[in-house]
Protein chains: 2
Amino acid sequence: MTQIEEAKKGNITPEMEETSRIENIDIQKILSGVAKGRIVIPKNVNRSIKPCAIGEGLTTKINANIGSSSEIEDLDYELEKALTAVKYGAHAIMDLSTGDNLNKIRKEILKNIDVPIGTVPIYEAAVNAKNKNKTVIDITEEDMFKIIENQAKEGVDFMTVHCGITKNTVDKLINSNRIMGVVSRGGAFLSAWIKHNDKENPFYKNYDYLLELAYEYDVTLSLGDGLRPGCLSDATDIPQIQELITLGELVKEARAADVQCMVEGPGHVPLDQIAANMKLQKTICDYAPFYVLGPIVTDLAPGYDHITSAIGGTVAAYSGANFLCYVTPAEHLAIPELEDVKEGVIASRIAAQAADVANGISSAWSKEKEMSIARRKFDWEKQFDLAFDSEKPRMRRDVCEMDDDMCSMCGEYCALRLTKDNF
Amino acid sequence: MTQIEEAKKGNITPEMEETSRIENIDIQKILSGVAKGRIVIPKNVNRSIKPCAIGEGLTTKINANIGSSSEIEDLDYELEKALTAVKYGAHAIMDLSTGDNLNKIRKEILKNIDVPIGTVPIYEAAVNAKNKNKTVIDITEEDMFKIIENQAKEGVDFMTVHCGITKNTVDKLINSNRIMGVVSRGGAFLSAWIKHNDKENPFYKNYDYLLELAYEYDVTLSLGDGLRPGCLSDATDIPQIQELITLGELVKEARAADVQCMVEGPGHVPLDQIAANMKLQKTICDYAPFYVLGPIVTDLAPGYDHITSAIGGTVAAYSGANFLCYVTPAEHLAIPELEDVKEGVIASRIAAQAADVANGISSAWSKEKEMSIARRKFDWEKQFDLAFDSEKPRMRRDVCEMDDDMCSMCGEYCALRLTKDNF
């Protein structure tokens, strides 16, 4: 039985219990959230991992993408990236490998990483096609579903499936005046496939079968936003919202079939449109957990997109998003290095924490208070312990060799030092 | 005559003309904004610099702090920091030096940097006191004003003066349950001075004289927020707002005396309180330009406070702030290095641009569109040209040695590459 099925029947699973304990939330709220589909607990029946619940009323979770590309493939390095991401606080990992040995990488990640693992199965189909000297438009429907079934058996906890790109949305896309067209890889594969074959999206047409497979292994479906905007000008346009409407319908079907699902969202969005996007997703998709990629709030900072997306991610999570996909400084430029992974995870943790505080989540506030008290007391070790990254601040401080009650920034004119006994 | 005096008389100055040209805004709007005090153009009568207007309807400006501390002093290095900050787009520089040779550093900065230069004159008074084996509580009122007069003569364009800390606010502070007390250095000096001497703040008591000095050299006063919160828990509390009310009164007096002024703001503020803070400042201070320090939206990321403040700064500028003081990765830890200055400036530029786009400023949108078109065309050189930092993305791309129409992130499965001829 899936988590949602159990919850609908009023059965409390160990995963729900664990969530209640971790989040310090009444178990009845967790049960009700999972039953309604407002909370998901991605965990394949074939895997034993610590559960990570995502959704309404819970702390904001973050995902880190790792994975090879057709140009760069190194199994050990990808595994190291995943371990680094988890070390710095990623709650889930997506393996987006598209190198020739992607199956091997996925198996190693599933074996060695104890957080929920997600994939985009259409990538494997694309790589298989290429290895037969074909392209994505030649992928058969059978291949698409075989890969999903196989990955589900292996234990993948959540899968991005671009079910919302239909012939209708592809037509709307062709008639739109988007600058960037399609920037989602899965979205591009399926748009090209639909256009070339003049057929309906297999994941949409055979959605019932997809739900059967997901149900069997309790794979959480992450309904992909293949038409997310790829630049600020394209944000919140007709193709994007048309796809969202389709996703809203598919959420209902998934819940009816006792399949857990979440919905993916933009992308590149100007700050003033973020709250509206979150509200729209929540109403259209009946408060399904929302998984956002960024959003990036300016395109003028290649090399710094962990910052542009931390800004968007904070406002998104404050406005309703539940799950933030990290963006690294390498975005738009290159495959991330290990240091990029660390920077990306920390930027996302900042966004999640800032949003959780703004949303009044008490565990988030407790940590802020502890940090302030440690600062007030000049308790540097405690500050480092509480920091998302203890190494960088410790290193900076070690260089200075200062007395405890100052740092080299203000030196003896430290305001705290001057006034600590007065105010 | 000061800019505001000229504007009140309906006289268009060369600085207003230049602003109108740079911002592509009707000169009458600039004239009216300066006359009302909603726009300031910080430029000492003794300096010839390119003007940088700050305020309502204009693009968001950013300031970078440089300066020695009592622990680390290196004139050449501070000058290099200032040049670096300007190179990466800082619109103004504050010299916050507190080392023994602070006068020499300030003179060099004024000589070599062609953007508005700000200072906090009370720092010089504190250093002088120390050099006479005294402390800040021993500073005489005469010294405070002599230093201001001297710096104004030298050409300082804007000065932070903590006029809003009064005996009344110090009492409120003592009775508050703040965790962090006072974290502004100038605020700490004056609070300590007021408390120890049991006298009113000289900058408040003799505000008319301060205005006379500012008027003579057209120094823009930056009314400091000495009681800004130093952690999220302390945000938007009684001492902070009491000081803001006093600043609102002082804004009116400055305008009546034909002195340009802006108001400084927090600090450390949870995301959900930022918009309210901006709105409050605008109404209390009759739409004076608002200069914010951060705000930092979580304290859990020492080493990454350029990110925590870029998040707060974006939302602040979107909600009414006009001038963002950068925060570097060294904040709370050490005096910034050159690389920190660069990172801080770029993070602030991201915040300013994201806010300007969200506020519908057309020059901000034009750059976004140019960047998107360059991306769509795989025109990498154009992308680097438009980027806030061209070096980092260029370097990342050079390492990969890719064909023009892909990068190592997605390789041959690049969505844009796949769909560019289709959509």
Side-chain angles (χ1 to χ4, degrees), chain A residues 69-72 98 173 179-185 188 192 231-233 270-272 297-304 307-308 310-311 314 318 333-335 346-347 350 353-354 357-358 367-369 371-372 376 387-389 392-393 396-397 400 407-413 415 418-419 423, chain B residues 69-72 98 173 179-185 188 192 231-233 270-272 297-304 307-308 310-311 314 318 333-335 346-347 350 353-354 357-358 367-369 371-372 376 387-389 392-393 396-397 400 407-413 415 418-419 423:
Chain A
S69 75
S70 61
E71 307 305 306
I72 296 177
T98 54
L173 184 65
I179 296 178
M180 293 294 281
V182 184
V183 296
S184 149
R185 273 192 288 180
C231 65
L232 300 196
S233 300
L271 190 80
D272 60 307
V297 291
T298 170
D299 284 314
L300 298 188
Y304 299 82
I307 300 180
T308 63
I311 296 167
T314 307
Y318 173 54
L333 296 168
I335 200 162
I346 288 170
I350 289 170
Q353 168 70 13
V357 164
K367 281 181 222 141
E368 295 291 340
K369 279 180 191 157
M371 178 62 96
S372 311
R376 168 97 196 188
F388 291 141
D389 175 14
K392 205 179 272 192
R396 299 211 65 137
R397 203 173 147 73
C400 305
C407 80
S408 67
M409 187 172 192
C410 298
E412 61 186 276
Y413 300 106
L418 190 71
T419 58
F423 303 107
Chain B
S69 74
S70 61
E71 307 305 307
I72 295 177
T98 54
L173 184 66
I179 296 177
M180 294 292 280
V182 184
V183 296
S184 150
R185 272 191 289 178
C231 66
L232 300 196
S233 300
L271 190 80
D272 61 307
V297 291
T298 169
D299 284 313
L300 298 188
Y304 299 82
I307 301 181
T308 62
I311 296 168
T314 307
Y318 173 54
L333 296 167
I335 201 162
I346 288 170
I350 289 170
Q353 168 70 11
V357 163
K367 282 181 222 142
E368 294 291 340
K369 278 180 191 157
M371 178 62 97
S372 310
R376 167 95 194 191
F388 291 140
D389 174 15
K392 206 179 270 192
R396 300 210 66 137
R397 200 169 152 75
C400 304
C407 80
S408 66
M409 187 173 193
C410 299
E412 61 186 276
Y413 300 106
L418 190 71
T419 58
F423 302 107

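Order of the sequence lines sets the chain letters (A, B, ...), proteins ahead of strands, with each chain counted from 1. All heavy atoms count here, side chains included; hydrogens, waters and symmetry mates do not. Note that the coordinates shown come from a computational prediction; the quantities given were computed from them, not determined experimentally.
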Under 4.5 Å from a heavy atom of chain B, the part of A:Leu300 involved:
both
Non-hydrogen atoms of chain B under 4.5 Å away: do they reach the side chain of A:Leu232, the backbone, both or neither?
both
Checking heavy atoms, do the side chain of A:Met180, its backbone, both or neither come under 4.5 Å from chain B?
both
Sorted by chain and number, sequence neighbours left out, salt bridge (Lys or Arg N to Asp or Glu O under 4.0 Å) with B:Arg396 holds for A:Asp340
Using atom types as modelled and distance alone, determine if a side-chain donor or acceptor of B:Thr298 lies under 3.5 Å from a backbone N or O of A:Ile350.
no
I want to check something: taking the side chain as every heavy atom from C-beta on, are A:Glu71 and A:Ile335 in contact at a cut-off of under 4.5 Å?
no
A:Ile346 versus chain B, the contacting section by heavy-atom distance below 4.5 Å:
side chain
Using a 4.5 angstrom heavy-atom cutoff, name the option from A:Ala347, A:Ser69, A:Cys231, A:Pro302 with the most pairs to chain B.
A:Pro302
With a 4.5 Å cut-off on heavy-atom pairs, point out which of A:Thr98, A:Val357, A:Thr308 contacts chain B the most.
A:Thr98
For chain B, the option from A:Cys410, A:Ser408, A:Ser372 that forms the most heavy-atom pairs under 4.5 Å:
A:Ser408
Give a yes or no answer on whether the side chain of B:Ser70 reaches the backbone of A:Glu412 with a donor-acceptor pair at less than 3.5 Å.
yes
For A:Lys392, which atoms come within 4.5 Å of any heavy atom of chain B: side chain, backbone, both, or neither?
side chain
Would you say the side-chain atoms of B:Glu368 pair up with the backbone N or O of A:Asp299, donor to acceptor, closer than 3.5 Å?
yes
Residue A:Ser184 versus chain B: region with a heavy atom under 4.5 Å:
backbone
Checked A:Ala188, A:Ala358, A:Gly411 vs chain B; the most non-hydrogen pairs under 4.5 Å come from A:Ala358
Taking every heavy-atom pair that is under 4.5 Å apart, which of A:Gly303, A:Gly181, A:Ala387 has the most such pairs with chain B?
A:Ala387
Going by salt bridge (Lys or Arg N to Asp or Glu O under 4.0 Å), name the residues that satisfy it together with B:Arg397, two or more places apart in sequence or in a different chain.
none
